[in-house]
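See below for the structure under consideration.
Each ligand, and each atom within it, is numbered from 1 in the order the structure gives.
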Amino acid sequence: MRVMKFGGTSVGNPQRIEEVGRLVSDSTPKIVVLSAMSGTTNDLVAYSEYLYKKDHSKAKLLLESMRNKYYQVADELFQSEEYRSHSHRMIDSHFDNLDEFNRDMFTQHEEKTTLAKGEMISTALMTYHLQEKGITCALLPALNFMRIDKDQEPDNYYIRENLQREISQYPGINLFITQGFICRNAFGEIDNLKRGGSDYTASIIGAAIEAEEIQIWTDIDGFHNNDPRFVKKTSRIDELSFNEAAELAYFGAKILHPTSVRPAQDKNIPVRLKNTLDPDSPGTLITGKVTGTGIKAVAAKDGITAIRIKSDRMLLAFGFLRKVFEIFESHRTSIDMIATSEVSVSMTIDQTDRMNEIVSDLENYGTVEVVPDQTIICVVGDMIGESRGMAVQALEALRQIPVRMISYGSSNNNISLLIKGSDKIEALNSLSNHLFQGR
Ligand code: ASP
Ligand code: MG
């Protein structure tokens with residue numbers, strides 16, 4: 001069995017839905033995971049914000065414009081009156097439900113139900129579409145098997161057992177459709193895997209059924225060796241190891257959600273990134289195998305804040321780092337990069353909602369300096385300790401750019417460099433010229 005996940009733009013209009021329909025309708029057994037149509041989850045977030053603010057009229061306007069958009073999609077997608085009215089009834093049932101939230105109290109619980117609607121609708125539309133075309137398929141409701149535990153981690157045993165049970169209800173069927181992103185939590189309530197979580201769904205499902213391959217379909221042909229939004233000449237990377245892919249995904253390459261590498265890696269299931277606009281391109285294959293050495297790609301992660309704490313004592317006393325880390329832990333803020341010297345330690349974070357509390361706690365131990373608007377440049381590849389010249393190549397490329405922090409050697413796959421956000425484009429282009437010329 002194979003898992004194929006299609007993102008929001010891949011199902012973003014009736015033509016794209018038809019295209020996905022074509023891509024999934026061969027006879028290979030598969031589970032198709034869909035995101036909401038692009039823009040929908042953002043609209044549902046906006047709807048929720050209006051309801052929290054009790055801005056009923058704005059909420060109503062937004063909801064009705066969404067409802068009309070979906071009517072239009074359905075009218076274009078379906079050929080027969082039967083399927084049109086069928087889909088209008090489905091759309092109405094979701095939007096009537098959302099409209100009720102505009103009259104009653106709105107809590108986190110209703111918000112989660114609201115955010116789940118996009119995937120519910122996109123999967124219903126796809127299932128109807130395939131059925132209208134005469135393609136046999138079944139919709140597996142993610143809320144019947146996808147579950148997270150008290151620590152927000154996937155409950156793998158529950159997922160495996162319940163997914164098997166759902167599938168076994170349809171003997172002889174080879175094509176299953178399900179929702180990405182949505183799940184139930186430890187209390188059985190509707191919840192989700194956080195924004196962009198459909199990739200994670202695909203990987204969790206792939207691991208649960210021990211799929212032969214997990215395919216993530218978007219609108220770019222795999223990982224590129226640099227960011228195509230800022231650098232003109234980039235090229236596709238054919239193969240990456242799980243570790244390299246995880247670093248790239250975490251540090252900015254938007255194509256794959258960082259959490260989605262782990263489940264596949266744990267079960268050693270290949271992940272292939274594919275392009276809906278160019279389905280014949282092989283894309284990027286991610287496996288446990290390391291192919292080639294040297295620097296393979298660079299990526300950038302924006303919105304980074306650097307924090308430096310200089311110990312008041314002459315030397316870093318033992319226990320100092322532990323205290324510093326405990327402060328971040330107590331504010332549930334994770335540290336990305338770290339560099340230490342004898343008297344000070346520098347760290348970066350990308351989540352600043354507890355900044356003031358963190359700084360005031362840190363000030364008990366030393367002088368604190370905070371520098372916002374930084375960017376992490378992440379240089380990824382297979383850089384075993386004995387290989388020569390990799391760090392030099394990266395630094396050489398950045399010789400014109402002030403580098404605030406460097407992290408090298410923590411893994412064999414990554415050199416991270418912290419620079420000013422405003423230097424990012426120059427840095428990416430310069431790295432491209434130095435590292436990938438002629439590739
Ligand atoms: N629809 C959700 C979002 O926009 C999940 C996803 O697309 O992966 O975040
Ligand atoms: Mg996505």
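More than 12 heavy atoms of other shown residues, nucleotides or ligands fall within 6.0 angstrom of atom CD in Gln351.
Note on ligand 1: Gly180 sits outside its first shell, no heavy atom being nearer than 4.0 Å. Heavy-atom separations between Gly7 and ligand 1 are all 4.0 Å or longer.
Here atom 3 (C) of ligand 1 lies nearest to Arg195 when heavy atoms of His257, Arg195, Lys5, Lys194 are compared.
The contact set between ligand 1 and Thr41, taken as ligand atoms under 4.0 Å from a residue heavy atom, comprises 1 (N), 2 (C), 3 (C), 4 (O). The Ser35 neighbourhood of ligand 1 comprises atoms 6 (C), 7 (O), 8 (O), with distances under 4.0 Å to a heavy atom of that residue. For ligand 1, the atoms lying closer than 4.0 Å to a non-hydrogen atom of Ser198 are 5 (C), 6 (C), 7 (O), 8 (O). Residue contact check: Glu119 has heavy atoms under 4.0 Å from atoms 1 (N), 2 (C), 5 (C) of ligand 1.
When side chains are defined from C-beta on, Thr284 does not count as touching His224, because their heavy atoms never get closer than 4.5 Å.
No hydrogens or angles considered: a donor-acceptor pair under 3.5 Å links the side chains of Asp302 and Thr375.
With sequence neighbours left out, the salt bridge (Lys or Arg N to Asp or Glu O under 4.0 Å) criterion links Arg308 to Glu369. Take Asp336 and apply the salt bridge (Lys or Arg N to Asp or Glu O under 4.0 Å) test, not counting sequence neighbours, and it matches Lys301.
Among the atoms of Phe181, none of the N or O lies under 3.5 angstrom from an N or O of ligand 1.
Tested against Ile309, the residues Val370, Val345, Val359, Ile327 include a single side chain to side chain contact (heavy atoms under 4.5 Å, CB included) partner, Val345.
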